[in-house]
2 protein chains.
Amino acid sequence: MKNVHCDNYHIFFKNLANPLKIGIIASLKEKPSSVNELSEKLGVEQSKLSHSLANLRFCSLVNSKQVGKKRVYSLNKKTILPILRIIDKHRQADCAGCKLK
Amino acid sequence: MKNVHCDNYHIFFKNLANPLKIGIIASLKEKPSSVNELSEKLGVEQSKLSHSLANLRFCSLVNSKQVGKKRVYSLNKKTILPILRIIDKHRQADCAGCKLK
DNA sequence: TATTCATATGAACCTATAAACATATGAAAA
DNA sequence: TTTTCATATGTTTATAGGTTCATATGAATA
């Protein structure tokens, strides 16, 4: 089922404007994971992750599929990786002097 | 002077996660403008714009130059236009059924 | 160098979003 | 068919960020 809403740019970007969600994205970039796996890896409580993942799903930034009892989330790489690449480039070009983490 | 800070992804994206700032970006995409010009065009109070513009400048999403008494802001198109293009593509591919504005 | 125009800054308030915690749902195995 | 594991959802509280308004700074002209 694909009929999600991505109303407007700023709704989409709210997902990227949040450290936890960026953490989730970074983790899913490495490999698809269940909620509990993310919870252990990131040291974050389960319901917090579920709430965040619901937002990410809402704008199709992640996909999920049921695997036994677990639900495995994966990243929509086609959209996200190019964006991250642009940001990295931006930081090198225009933020030369700043404290990158 | 270019030594601004763009600490982290989410700080950068906060600028895009805000309708007013998206409005500013959309307007500057058309043409560079002073604060007062933006104020009239967008129907938004001056100090509100100055605050927003300060954030946008902080992450080098806009540039500014003094022209007489006015300060003219312009868009960092090199970074922003590619991002907007990705989002548009994303909305067509993955948000086929949603209410686009 | 006082005055005006243009923008920036500060601080208090307000609101939207995230955190926290309890509870519900759902899937599979006993 | 109930028990357990895994995730989602609802509600309250806390907090970050935006708005507002008053004031400060800065650039140019008289």
Side-chain angles (χ1 to χ4, degrees), chain A residues 1 4-25 27-28 31-75, chain B residues 1 4-25 27-28 31-75:
Chain A
M1 211 264 269
V4 294
H5 295 265
C6 287
D7 241 17
N8 234 338
Y9 286 152
H10 74 275
I11 293 176
F12 178 93
F13 285 117
K14 277 194 199 305
N15 285 296
L16 302 175
N18 177 290
L20 174 56
K21 284 167 195 149
I22 287 287
I24 292 171
I25 288 170
S27 180
L28 293 181
K31 73 173 206 316
S33 312
S34 70
V35 179
N36 274 339
E37 284 165 355
L38 285 171
S39 181
E40 286 181 28
K41 184 164 177 186
L42 301 175
V44 170
E45 193 242 336
Q46 175 266 316
S47 81
K48 207 170 156 182
L49 286 169
S50 282
H51 280 295
S52 281
L53 287 164
N55 292 331
L56 290 167
R57 238 184 326 169
F58 182 79
C59 284
S60 301
L61 290 179
V62 301
N63 301 113
S64 66
K65 68 173 173 195
Q66 196 74 28
V67 177
K69 287 183 187 174
K70 303 187 170 181
R71 175 166 297 180
V72 174
Y73 284 90
S74 58
L75 196 61
Chain B
M1 211 263 270
V4 295
H5 295 264
C6 287
D7 240 15
N8 234 338
Y9 286 151
H10 74 275
I11 293 174
F12 178 93
F13 285 117
K14 276 195 199 304
N15 284 298
L16 302 174
N18 179 289
L20 173 56
K21 285 169 195 149
I22 286 288
I24 293 172
I25 288 170
S27 180
L28 294 182
K31 73 174 207 316
S33 313
S34 71
V35 178
N36 274 340
E37 284 165 356
L38 285 171
S39 181
E40 285 180 28
K41 183 162 177 189
L42 301 175
V44 170
E45 192 241 337
Q46 174 266 315
S47 80
K48 205 170 157 181
L49 286 170
S50 282
H51 281 296
S52 282
L53 288 165
N55 291 333
L56 290 167
R57 239 186 323 169
F58 181 78
C59 285
S60 300
L61 290 178
V62 302
N63 301 114
S64 67
K65 68 173 174 195
Q66 196 74 29
V67 177
K69 287 184 189 174
K70 303 188 172 182
R71 174 167 298 181
V72 175
Y73 284 90
S74 58
L75 195 60

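Each chain gets a letter, A, B and so on, in the order the sequences are listed, and its residues count up from 1. Quick caveat, the model's predicted, so the values are computed rather than measured.
- Atom CG of N18(A) sits about 12.5 Å away from atom CZ of F13(B), to the nearest 0.5 Å.
- Remark: the Q66(B) side chain and the dA27(D) base include no donor-acceptor N/O pair separated by less than 3.5 Å.
- Atom CZ in R71(B) sits roughly 12 Å away from atom C1' in dT9(C) (whole-Å rounding).
- Whole-Å rounding puts the L56(B) CG to dT7(C) P distance at 16 Å.
- Residue Q46(A) places a side-chain atom within donor-acceptor reach of the base of dA8(D), judged by atom type and a 3.5 Å distance cut-off alone.
- A donor-acceptor pair is defined here as one N or O able to donate and one able to accept, closer than 3.5 Å; such a pair exists between the side chain of S39(B) and the backbone of V44(B).
- The side chain of N18(A) places an N or O atom within less than 4.0 Å of a non-bridging phosphate oxygen (OP1 or OP2) of dA18(C).
- At whole-Å resolution of the value, CG in L16(B) and P in dG17(D) are 15 Å apart.
- Rounded to whole angstrom, the span from the CG atom of N55(B) across to the P atom of dA8(C) amounts to 12 Å.
- OP1 and OP2 of dC5(C) both lie 4.0 Å or more from every side-chain N or O belonging to N36(B).
- The nearest whole Å value for the distance from the NZ atom in K21(B) to the C1' atom in dG17(D) is 8 Å.
- For the OP1/OP2 pair of dA6(D) and a distance below 4.0 Å, the side-chain nitrogens and oxygens of Y73(A) include no atom meeting the criterion.
- Of the candidate nucleotides dA8(C), dA20(C), dG18(D), dA20(C) has the atom nearest to the side chain of E45(A).
- In this structure, the aromatic ring of H51(B) is positioned over the six-membered ring of the base of dT9(C), centres within 5.5 Å and planes within 30°.
- In this entry the distance linking CZ of R57(B) with C1' of dA8(C) reads 8 Å, nearest Å.
- For the pair L20(A) CG and dT17(C) C1', the interatomic distance rounds to 13 Å; values are reported in whole Å.
- At a threshold of 4.5 Å between non-hydrogen side-chain atoms, the residues R57(B) and S64(B) count as touching.
- Of all nucleotides listed (dT17(C), dG17(D), dA18(C)), dT17(C) comes nearest to the side chain of K14(A).
- Atom CD of E37(B) sits about 10.0 Å away from atom CG of L28(B), to the nearest 0.5 Å.
- Note on S47(A): a base of the nucleic acid sits closer than 4.0 angstrom, heavy atoms only.
- Positionally, the nearest nucleotide of DNA chain D for K70(A) lies more toward the 5' end than for the other of A54(A) and K70(A).
- Once rounded to the nearest 0.5 Å, the distance linking CG of L53(A) with OH of Y73(A) reads 5.0 Å.
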For this session: Could you go through the side-chain contact (heavy atoms from CB on, under 4.5 Å) check for N15(B) and I25(B) one step at a time?
Result: CA-CA 10 Å; N15(B) 284 298; I25(B) 288 170; 5.9 Å; no

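- Comparing V35(B) and S52(A) by the nucleotide of DNA chain C whose heavy atom lies nearest to each, the residue mapping closer to the 5' end is V35(B).
- Nearest nucleotide to the side chain of K48(A), out of dA19(C), dA8(D), dT7(C): dA19(C).
- Residue S50(B) places its side chain closer to dA8(C) than to any other of dA8(C), dT7(D), dC5(D).
- The interatomic distance linking L49(B) (CG) with dT19(D) (P) rounds to 10 Å, in whole Å.
- Here K69(A) does not reach the OP1 or OP2 of dA28(C): none of its side-chain N or O atoms lies under 4.0 Å away.
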